[in-house]
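Step one of this worksheet: look at the structure below.
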Amino acid sequence: MTATRIPRATPATPAASAPAAQDAPGTKEGLLRRLRPATVPVAVLLVLALLPYSSLDIPVLLNGPVNSPGSLQVFALCLVFGALALGYDLMFGRTGLLSFGHALYIAGGSYGTQLAMTELGLGLLPAALLTLVLGALAALVLGAVSLRTLALGGVGFAMVTLAFAQAGSIYVERNPGGLTGGEEGLPLYVDGVPDALVGVQNTVNVYWLALAYLVLVAAVAWTVTARPAGRVWQAIRDNEQRVAVLGRSPFAHKLGAFVLASSLAVLGGVLHLLVTAGATPHTSTPEFTLTLLVMVVLGGSGTRWGPVVGGVLFTYLDQRLGGWDLGVEPMLILGGLFVLAVYVAPGGLTALGRRRSA
């Protein structure tokens, strides 16, 4: 009977064990590896926060220095629309819900905050909080009604949300009781707003508030999409039946995405009210939602930075093309650029960077 030889385990060589030791969570290399994805967002945030301290003059791109009130207002509007596009992408890009009624909640945040200050005598913060709560409740009810039509397919959901948005737009334009101002809109009620946010000299404070809103929306969107709920949203977008078979409720998760995106839109309406110094009826129209959709597609739906890039770029061009003597209607140029971007980068502008790295 022969004995079976058992080979002795050879100790790991230092070269083989070095990478594992370097990537350990407690080591310096492991810490740097975990912090590396956050370097770009932190750098961008630092640049945006320090922008009002720059007196750089760019003649073609801006009407004045970077820290001039006009330039800061354009930047603030770009930040607000970047955040609005990112919030809308929670439904469209992450969950696969095509809503044409997102403008209803943006207008609700703008007009609701304005009316709460003028009619109820509230300050800006209480009025915004009240509007946020009422907007979230409205999104819960209208979202539940709209999602029931998904039995007819995605077109049914899109049409029902469009109907709600159209009803809200008609209500604003008819100016019942003089509450909405009709086609003229409502100027900002400055008596209910802190002095630090009123006047041309305080444009920098409004800019920082818009930046804070973008940071909030990005933190919420990126955190939720990295959680199990966000993974379920992506699974619903890819194959809803499989999600139902695995025991998850597609309806509940889609309703959660709808309410979250709508609540962020209500906050965006408050910021739009402050940046533009008034509530405008254009924010209540379905065309406003289509603009957000174009922003998301332009930057790249379902991506981390795509909606923000699309929202900022589209808003900047929309604001600046009118000041350039090009002899062509600005919307025609925007439309042509959008068509060109779709052909060159079908997955959005951020897809170009991924292709280059690949």
Side-chain angles (χ1 to χ4, degrees), residues 69-70 72-81 83-85 87-88 100-132 134-135 138 162 164-194 197-200 202-203 205-207 209-210 213 262 264-292 295 311 314-316 318-323 330-331:
L72 289 178
Q73 185 180 23
V74 173
F75 292 149
L77 200 61
C78 291
L79 295 177
V80 170
F81 275 97
L84 288 174
Y88 180 77
F100 287 145
H102 205 60
L104 177 65
Y105 304 98
I106 300 174
S110 182
Y111 280 94
T113 303
Q114 173 76 8
L115 293 177
M117 291 190 296
T118 57
E119 302 298 325
L120 301 180
L122 299 178
L124 176 63
L125 183 59
L129 291 177
L130 177 61
T131 304
L132 177 61
L134 295 178
L162 175 61
F164 285 134
Q166 191 65 42
S169 179
I170 293 174
Y171 181 84
V172 169
E173 291 181 357
R174 289 187 176 180
N175 191 22
L179 293 176
T180 63
E183 297 180 355
E184 301 297 329
L186 296 174
L188 178 64
Y189 183 67
V190 295
D191 292 341
V193 181
L197 300 177
V198 179
V200 178
N202 293 319
T203 307
N205 297 327
V206 178
Y207 167 81
L209 191 60
Y213 170 63
S262 301
L264 294 176
V266 173
L267 283 179
V270 179
L271 266 297
H272 192 272
L273 171 70
L274 295 175
V275 172
T276 60
T280 59
H282 176 64
T283 58
S284 65
T285 61
E287 289 80 6
F288 198 82
T289 304
L290 289 177
T291 303
L292 295 178
M295 294 176 182
F314 186 95
T315 304
Y316 171 78
D318 185 37
Q319 294 293 314
R320 294 296 300 138
L321 284 177
M331 290 307 298

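All residue numbers refer to positions in the sequence shown, counting from 1. Side chains included, hydrogens not; waters and symmetry mates left out as well; all remaining heavy atoms used.
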Heavy-atom closest contact (Tyr111 atom, Ala279 atom, distance): OH-O, 3.6 Å

Is the shortest heavy-atom distance from the side chain of Leu104 to the side chain of Ser284 under 4.5 Å? no

Holding to side-chain contact (heavy atoms from CB on, under 4.5 Å), I want the full list of residues that pass it with Thr285, two or more places apart in sequence or in another chain. Ser169, His282, Glu287, Phe288

Could you list the donor-acceptor pairs under 3.5 angstrom formed between side-chain atoms of residues 113-121 and any protein atom two or more places apart in sequence or on another chain?
| unit_1 | atom_1 | unit_2 | atom_2 | d |
| --- | --- | --- | --- | --- |
| Thr113 | OG1 | Gly109 | O | 2.7 |
| Gln114 | OE1 | Tyr189 | N | 3.3 |
| Gln114 | NE2 | Pro187 | O | 2.7 |
| Thr118 | OG1 | Gln114 | O | 3.1 |
| Thr118 | OG1 | Leu115 | O | 3.4 |

In chain order, what residues pass the side-chain contact (heavy atoms from CB on, under 4.5 Å) check against Thr291, with sequence neighbours excluded? Met295, Phe314

Rounded at 0.5 Å granularity, tell me how far CZ in Phe100 sits from CD in Gln166. 12.5 Å

Rounded to the nearest 0.5 angstrom, the OH-CG distance for Tyr88 and Leu264 is 14.5 Å

Could you tell me which non-hydrogen atom of Leu72 sits nearest to which non-hydrogen atom of Tyr207, and how far apart they are? O-CD1, 3.9 Å

Scan Leu209, Asn205, Val198 and name whichever one has a side chain to side chain contact (heavy atoms under 4.5 Å, CB included) with Leu274. Leu209

Could you list the donor-acceptor pairs under 3.5 angstrom formed between side-chain atoms of residues 174-182 and any protein atom two or more places apart in sequence or on another chain?
| unit_1 | atom_1 | unit_2 | atom_2 | d |
| --- | --- | --- | --- | --- |
| Asn175 | OD1 | Leu179 | N | 3.2 |
| Asn175 | OD1 | Thr180 | N | 3.0 |
| Asn175 | OD1 | Thr180 | OG1 | 3.4 |
| Asn175 | OD1 | Gly181 | N | 2.8 |
| Thr180 | OG1 | Val172 | O | 2.6 |

Taking all non-hydrogen atoms of both residues, which atom of Thr280 and which atom of Thr283 are closest, and how far apart? O-OG1, 2.7 Å

What residues form a side-chain contact (heavy atoms from CB on, under 4.5 Å) with Leu125, not counting sequence neighbours? Leu129

Less than 4.5 Å apart, any side-chain heavy atom of Ile106 and any of Val266? no

Nearest heavy-atom pair of Ala165 and Gly101: which atoms, and what distance? CB-CA, 3.5 Å

Who passes side-chain contact (heavy atoms from CB on, under 4.5 Å) against Val206, sequence neighbours left out? Leu197, Val275

Output the distance between atom CG (Leu271) and atom OG1 (Thr276), rounded to the nearest 0.5 Å. 10.0 Å

What is the minimum heavy-atom distance between Pro126 and Gly123, and which atoms define it? CD-O, 3.4 Å

With rounding to the nearest 0.5 angstrom, report the CG to CG distance, Leu122 to Leu130. 6.5 Å

Residue pair Leu84 / Tyr213, side-chain heavy-atom distance below 4.5 Å: yes

